[in-house]
Amino acid sequence: EKGYWDDKYIGEFRWKRKKIKPQSPDINKGYYIRTKLIENLTIKFSQRYNKECQVVSLGAGFDTLYWRLRELNVHPKSFIDIDLPTVIDEKVNIINKSTILNEFIGGLSYSKGGYHSEYYHLIGGDLTNIDQIASLATIDKSLPTIFISECVLIYIDSKSSQRLLEWINNSFTTSMFILYEQIDMNSTFGRMMLKNLSDQGIELDGVSYCDSIATQEQRFLTTGWSICKSMNILDAYRTCFSQNEIQRIERLELLDEREPFE
């Protein structure tokens, strides 16, 4: 609504939040950077392998990346959303009722523990159960595969998340992992956030890897990944977007303070 980016599909899922609470400029800008970075990296990965590749979105929720890619004529051989069965069932229910969402799907059928179309698959699964995830026939380990995780691993106990990363590294000939997750959780702001969540009965079981960029990198390097590159969101904004795009975004809303954005 603010003009950061155009997503004509997200409105189909708005029934999950009947009233959208206005967000501050720093949060809006952060969502934009997060969304476009992941979208652009996925596009580059697909182009590199001439669409003969696979996208696996972990804890996908009601994300619309599949449709946004198809609208740009980017359609990997397989796109797989994985989330808890209740979330997947709700997402499928919305898709089945939506003309615009079905435009790039052509209908879903149920088999092998999930919902499937020619290119798009939705699988209900528990990311802490690596044996279950590893047994999914829908995932083709021979295809170059890009995994996406947005603020998901922080909810998973460290042992399980490490097993997941190790399984991916050992099972796929070619793989890439996009991780968007918190850092500096041991700062004053981070500790306050953890306390507020704890007061609501929410515990972040994977927070131990969120101390810094270095600890996030270590979680990959200690599970066998050969290369790990990371940066905070502000550095990503400054280095991964054109000056024209930055100027366009800066005109949308005034950001009084840099610290929350960083």
Should the heavy atoms of other residues, nucleotides or ligands under 6.0 Å from [atom1] of [X] be counted, would the total exceed 12?
| X | atom1 | value |
| --- | --- | --- |
| I227 | CD1 | no |
| K141 | NZ | yes |
| K97 | NZ | no |

> Ring centroid separation for F79 and F104, is it under 6.0 angstrom?
Replying inline: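 Ring centroids of F79 and F104 are no less than 6.0 Å from each other.
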>> Angle between ring planes, F177 versus F147, binned at 30° and 60°: parallel, tilted or perpendicular?
In response: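 Aromatic pair F177/F147 classed parallel.
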May I ask you to decide whether [X] forms a salt bridge with [Y], counting only side-chain N to carboxylate O separations under 4.0 Å?
| X | Y | result |
| --- | --- | --- |
| K8 | E71 | yes |
| E250 | K29 | yes |
| R163 | D157 | no |

> Mind checking whether W67 and I105 have side chains closer than 4.5 Å, heavy atoms only?
Replying inline: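 A side-chain contact exists here, since the closest heavy-atom pair is under 4.5 Å.
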>> Do F45 and V55 have side chains that approach each other closer than 4.5 Å (heavy atoms only, starting at C-beta)?
In response: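 When only atoms from C-beta onward are counted, V55 and F45 do not touch, as no gap falls below 4.5 Å.
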> With a 3.5 Å cut-off and no angle check, do the side chains of E166 and T223 form a donor-acceptor pair?
Replying inline: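 Their side chains do not contain a donor-acceptor pair, so the 3.5 Å distance test is not met.
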>> Hydrogens and angles aside, do D126 and T128 bring a side-chain donor and acceptor to less than 3.5 Å of each other?
In response: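 D126 vs T128: donor-acceptor pair found between side chains.
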>> Using a 3.5 Å distance criterion without hydrogens, assess whether the side chain of Q216 forms a donor-acceptor pair with backbone atoms of Q182.
In response: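 Yes, the answer is positive, given that a donor and an acceptor are paired below the 3.5 Å cut-off.
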> Just by distance, do the side chain of N102 and the backbone of I95 share a donor-acceptor pair under 3.5 Å?
Replying inline: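 A pair under 3.5 Å: yes.
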> Considering the options N169, V152, N129, L58, which one meets the side chain to side chain contact (heavy atoms under 4.5 Å, CB included) requirement together with L164?
Replying inline: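 Output: one option passes, namely L58.
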>> Between I148 and L72, is there shared hydrophobic-cluster membership here, with clusters defined by ILVMFWY side-chain heavy atoms closer than 4.5 Å?
In response: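 Linked within one cluster.
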>> Would you say V56 ends up clustered with I38 if hydrophobic residues are merged whenever their side chains have heavy atoms under 4.5 Å apart, either directly or through other cluster members?
In response: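 Looking at the clustering, V56 is in a separate group from I38.
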